[in-house]
Amino acid sequence: MKGNALPRKVIKVLGACLFLLYMAGLVYFLFLSEDYGHGGVGEYDYNIYPFREIARYIRYRELLGMRAVLINLVGNVIGFMPFGALVPLMARGARRAWRITLLSLEISALVEVSQLIFHVGCFDVDDMILNTLGGLLGYLAFRIMSSCYLAFETRKAGAAPRTGGRRTKRCRGKG
């Protein structure tokens with residue numbers, strides 16, 4: 001560790017704590033919160049056709065109201081962004097876009113199948129699409145932040161940038 005950089009172990013522990021808090025919040029909002037349609041008993045519904053509900057929310061946005069549209073479309077994306085940002089922070093093996101995309105899809109599918117089995121919320125393939133997009137966007141945020149952090153630490157230390165053993169066009173320098 002050079003300078004004031006946070007040790008990797010501390011970052012990993014903080015990431016794990018944030019991840020646990022995130023998962024607890026996700027479980028609450030997806031399965032327990034009455035504000036999002038999980039408290040009432042009624043007819044159960046599901047959607048197995050990709051983009052059907054996304055198109056319906058966009059088409060009928062004025063009738064449904066912007067709050068419902070934002071909760072459904074934007075909320076599903078934003079809801080999985082922490083997943084895509086925190087998993088690669090904790091697990092070096094998950095620092096590839098395809099892995100985070102696959103993990104986001106798998107966790108989203110697990111949630112949707114659980115909702116189908118327990119009749120909580122509703123099974124929607126469009127939610128899986130939006131959640132997976134959110135996980136990927138979270139991963140991109142992780143990559144941007146880690147690049148900024150690395151550049152900051154490199155400048156502060158006055159050393160050549162670390163590139164994992166390779167020099168890239170962006171990081172070429174003397175030495």
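One is the number of the first residue; the rest follow in order along the sequence. Only a predicted model underlies this, so the values are computations on that prediction, with no experimental measurement involved.
- The minimum heavy-atom distance between Asn47 and Glu53, with the atom names listed, is ND2-CG, 3.5 Å.
- Asp127 contributes no side-chain N or O that, together with a main-chain N or O of Asn76, makes up a donor-acceptor pair within less than 3.5 Å.
- You'll find the side chain of Tyr139 stays beyond 4.5 Å of the side chain of Arg99, heavy atoms only.
- Using a distance-only test at 3.5 Å, with no hydrogens or angles considered, no donor-acceptor pair links the side chain of Asn131 to the main chain of Ser108.
- Cluster annotation: Leu105 and Leu86 are assigned to distinct hydrophobic clusters (Ile/Leu/Val/Met/Phe/Trp/Tyr, side-chain heavy-atom contacts under 4.5 Å, transitive).
- The aromatic rings of Tyr22 and Phe80 lie perpendicular to each other, with more than 60° between the two planes, well past the 30° mark.
- Pairing each heavy atom of Leu64 with each of Tyr57, the nearest pair is CD1-CD2, 3.7 Å.
- When all heavy atoms of Phe31 and Gln115 are compared, the pair lying nearest together is CE2-CG, 3.7 Å.
- Residues Met23 and Tyr28 share a hydrophobic cluster, clusters being chains of Ile/Leu/Val/Met/Phe/Trp/Tyr side chains in contact below 4.5 Å.
- For the residue pair Met128 and Thr132, the shortest heavy atom distance occurs at O-OG1, 2.7 Å.
- The hydrophobic cluster containing Leu70 also contains Ile78, counting ILVMFWY residues as joined when their side-chain heavy atoms lie under 4.5 angstrom apart, directly or transitively.
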(request) Could you please spell out the steps behind the side-chain contact (heavy atoms from CB on, under 4.5 Å) verdict for Ile58 and Leu73? (result) CA-CA 9 Å; Ile58 292 170; Leu73 301 182; 3.9 Å; yes

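- When every heavy atom of Ile129 is checked against every heavy atom of Pro50, the shortest pair comes out as CD1-CB, 4.0 Å.
- Val125 is not listed as a side-chain neighbour of Tyr49, based on a closest heavy-atom distance of 4.5 Å or more.
- Within a 6.0 Å radius of CZ in Arg56, other residues, nucleotides and ligands contribute more than 12 heavy atoms.
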